[in-house]
Amino acid sequence: MQAGNSTESALIKYKEGLGMFTQKMPEFARQFNAFTEECFKEGALTQKQKQLIALGISIHAQDEYCIIYHTKACLDQGCSEQEILEAVGVTAAFGGGASMSQGVTLVQECISEMNQLKQ
């Protein structure tokens, strides 16, 4: 699989690493995946809302792979750029400059690259 941009490249690298880890730790990976699937199931909060929350936490934690993954998931769930940027703003209220820097760089780059792939 070949990446067309840095966002795709990061997602491929993450999936490859996850695949290798799953081969070495299958039971752990199975249980972790079951746990996260349960966490992101539709409930009182929509999957869209849960992805926006996850993006905010990822930004605050400065976890670049999760920022990319959850930005893509937000877009996949139908979030608008405005909704995503408002989530960045809320995160910056708690995380200050470090959160803002990820939002104005990595998140916007990911949105742009994912939108280019759709064209």
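One-based numbering along the sequence shown.
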First locate atom CD of Gln102, then atom CD1 of Ile59, and finally report the distance between them rounded to the nearest 0.5 Å.
7.5 Å
Gap separating the NZ atom of Lys72 from the CG atom of Leu117, nearest 0.5 angstrom
9.0 Å
Quick one: sort the Phe28 and Phe32 rings into parallel, tilted or perpendicular, breaks at 30° and 60°.
parallel
Between Glu16 and Lys13, is there a salt bridge with N-O shorter than 4.0 Å?
no
Separation between NZ (Lys41) and NZ (Lys50), nearest 0.5 Å, reads 8.5 Å
Taking the ring centre of each residue, are Tyr65 and His70 less than 6.0 Å apart?
no
Without hydrogens or angle criteria, can the side chains of Gln47 and Gln51 be said to hold a donor-acceptor pair below 3.5 Å?
no
Glu113 (side chain) donor-acceptor with Glu8 (main chain) under 3.5 angstrom:
no
Ignoring hydrogens and geometry beyond distance, is a side-chain donor-acceptor pair present between Thr7 and Glu109 at under 3.5 Å?
no
Could you go through the side-chain contact (heavy atoms from CB on, under 4.5 Å) check for Gln108 and Ile84 one step at a time?
CA-CA 9 Å; Gln108 290 188 117; Ile84 293 169; over 6 Å; no
Value rounded to 0.5 Å, distance of SG in Cys39 from CD1 in Ile53
11.5 Å
Between CD1 on residue Ile67 and CD1 on residue Ile57, distance to nearest 0.5 Å
12.0 Å
Given Thr71 and Met114, is the side-chain contact (heavy atoms from CB on, under 4.5 Å) satisfied, shown in steps?
CA-CA 9 Å; Thr71 299; Met114 295 308 298; 6.0 Å; no
Taking only residues at least two apart or on different chains, which pairs with a member in residues 89-114 satisfy ring-ring contact (aromatic ring centres under 6.0 Å, His included)?
none
Between Leu11 and Val107, is there a shared hydrophobic cluster once you connect ILVMFWY residues whose side-chain heavy atoms come closer than 4.5 Å?
yes
If you measure from SG on Cys110 to CD1 on Ile68, what distance do you get to the nearest 0.5 Å?
6.0 Å
Of Val90, Val104, Thr91, the one forming a side-chain contact (heavy atoms from CB on, under 4.5 Å) with Ser99 is Thr91
Using 30° and 60° as the class limits, which term best fits the ring planes of Tyr14 and Tyr69: parallel, tilted or perpendicular?
tilted
Residues in side chain to side chain contact (heavy atoms under 4.5 Å, CB included) with Lys48, at least two apart?
Thr46, Gln77, Cys79, Glu83
